[in-house]
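Worksheet: the structure to be examined is printed underneath.
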Protein chains: 2
Amino acid sequence: MARAVQKRTLETRARLIAAAEGVIAEVGYEAMRVEEVVLRAGVAKGTFFAHFRDKEALLELLIGARIDTELDRIEALPAPADIPAIVRALMPLVAVMISERYVFDLILRYSGAAGVAEIGPIAQTFARTDQVLGEWLARGPFRRDVTPALLSSGVQAFLIHVIALHFCALHQKQTLQEMLMELLQAWLLPGGRIKN
Amino acid sequence: MARAVQKRTLETRARLIAAAEGVIAEVGYEAMRVEEVVLRAGVAKGTFFAHFRDKEALLELLIGARIDTELDRIEALPAPADIPAIVRALMPLVAVMISERYVFDLILRYSGAAGVAEIGPIAQTFARTDQVLGEWLARGPFRRDVTPALLSSGVQAFLIHVIALHFCALHQKQTLQEMLMELLQAWLLPGGRIKN
DNA sequence: ATTTAATATTGACCACGGTCAATTATTTCC
DNA sequence: GGAAATAATTGACCGTGGTCAATATTAAAT
């Protein structure tokens, strides 16, 4: 039978997370150094890797938590009445994802779980986004010729797309919001009216 | 006035590229080591970085070339008559992108140029994909209530989306082709018919 | 209380990408 | 042809993420 987790273990883990949050608050996600984190936490380097598979596993945890907070908020929202309402609801989530180019890269890299057994925090938020958006959109006045699941899948694709364009020097005629609005309009209300 | 490039320089560069291609053919993109490449090319490590900004700049070059080959092919194709024709045309491009998870990550990471002055090979292929797809789709029997540019932008977003799902253990009820087909159907022919 | 087994921590060590002052090769100019 | 200027190459060195055998701590068994 498995033994209970030691109190010491939880304390160490908490100290590592707190130290990492401190470092990130000062220098950002990309510039965070494991050496700096263990120094502040007062543990040896090896301890870090006893608690987290690698550096990015910890970052994934922290970023996943921030995304989850946004999904909680969206989930509690009333049904969206139109496209601008959707865009307004999504922007805080977008803000998290574009806070740093590195954060977006990391989100993309970890969005797909390699195996069912190891679905990480970010992969989980993607699955949850799909579900949350699906239910939310189904309550709004949008096209019904396709399933809500397909609709939310497309919205997710467009979200990623406009963020990628945001980081691209080439497409700067429109703002991120404008591009998202245009795509969602064409996706959710093709022909400018509700389809059945 | 700028001097002409030395013959020696071109030879060294060619040897580095050939060596890298050899290594990649054996172990793949992710496992390619700079040390192994310079060993085979018979140059010092520093020489590598005199020719390429960093390791990924070389990988970007090689992968960009492969993508460009696919775009050449698509560009030469007759106008697509229906959705399956589009999917068929895009699959070889998809094959390049999913050849390795690392390749897809790298493509995403380099798809956006940080500054206009430094648009890398992969960012260029993205701009070109937009243009090639736009012209190609405009010739097909698809919705006309939105601009061809918006249409191709959406297709690109869905391409990335289904590849991301392909690498995700969660969504394996459908094949990549089936998902792409379903999304493109809903995007290019909403309501199952052509809109004006 | 002591032994034993499981778990957590340590830090020297390694791998690998990337840097840069020094050296060597090439081109230009007289 | 030789000197000066420019360009290419070298390899010792560094930073940082990650490993692992040894050690220390904690909990369970007697």
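All chains are named by letter (A, B, ...) in the order of the sequence lines, taking the proteins before the strands, and each is independently numbered beginning at 1. Every heavy atom of this structure was used, including side-chain atoms; hydrogens, water molecules and symmetry mates were not.
The distance between atom CZ of A:Phe52 and atom P of C:dT9, rounded to the nearest whole Å, is 11 Å.
In summary, B:Arg109 and B:Asp105 do not engage in a salt bridge, as defined by a charged side-chain N under 4.0 Å from a carboxylate O. For the pair A:Arg40 and A:Glu36, the salt-bridge criterion is met [side-chain N within less than 4.0 Å of a carboxylate O]. Here A:Arg128 pairs with A:Glu75 in a salt bridge; the nearest charged N to carboxylate O distance falls below 4.0 Å. Look at A:Glu70 and A:Arg73 and you find a salt bridge, because one of the NZ, NE, NH1 or NH2 atoms lies within 4.0 Å of a carboxylate O, short of that distance.
From B:Thr12, atom OG1 reaches atom NE2 of B:His51 across 4.5 Å, with rounding to the nearest 0.5 Å. Note: B:Glu26 CD to B:Met32 CE = 12.5 Å, rounded to the nearest 0.5 Å. Between A:Leu90 atom CG and A:Arg88 atom CZ the span is 11.0 Å, to the nearest 0.5 Å. In this structure, CZ in B:Phe126 is found 4.0 Å from CD1 in B:Ile160, a value given to the nearest 0.5 Å.
Contact between the side-chain N/O atoms of B:His51 and the OP1/OP2 oxygens of D:dT9 is found at a separation under 4.0 Å.
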Whether each nucleotide of nucleotides 10-21 of chain D has a protein heavy atom under 4.0 Å at its base (B), only at its sugar-phosphate (S) or at neither (-) is summarised, 5' to 3', as BB----SBBBB-
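Using a 4.0 Å cutoff on non-hydrogen atoms, the parts of residues 6-20 of chain A near DNA chain D are A:Gln6, A:Arg8, ordered by number.
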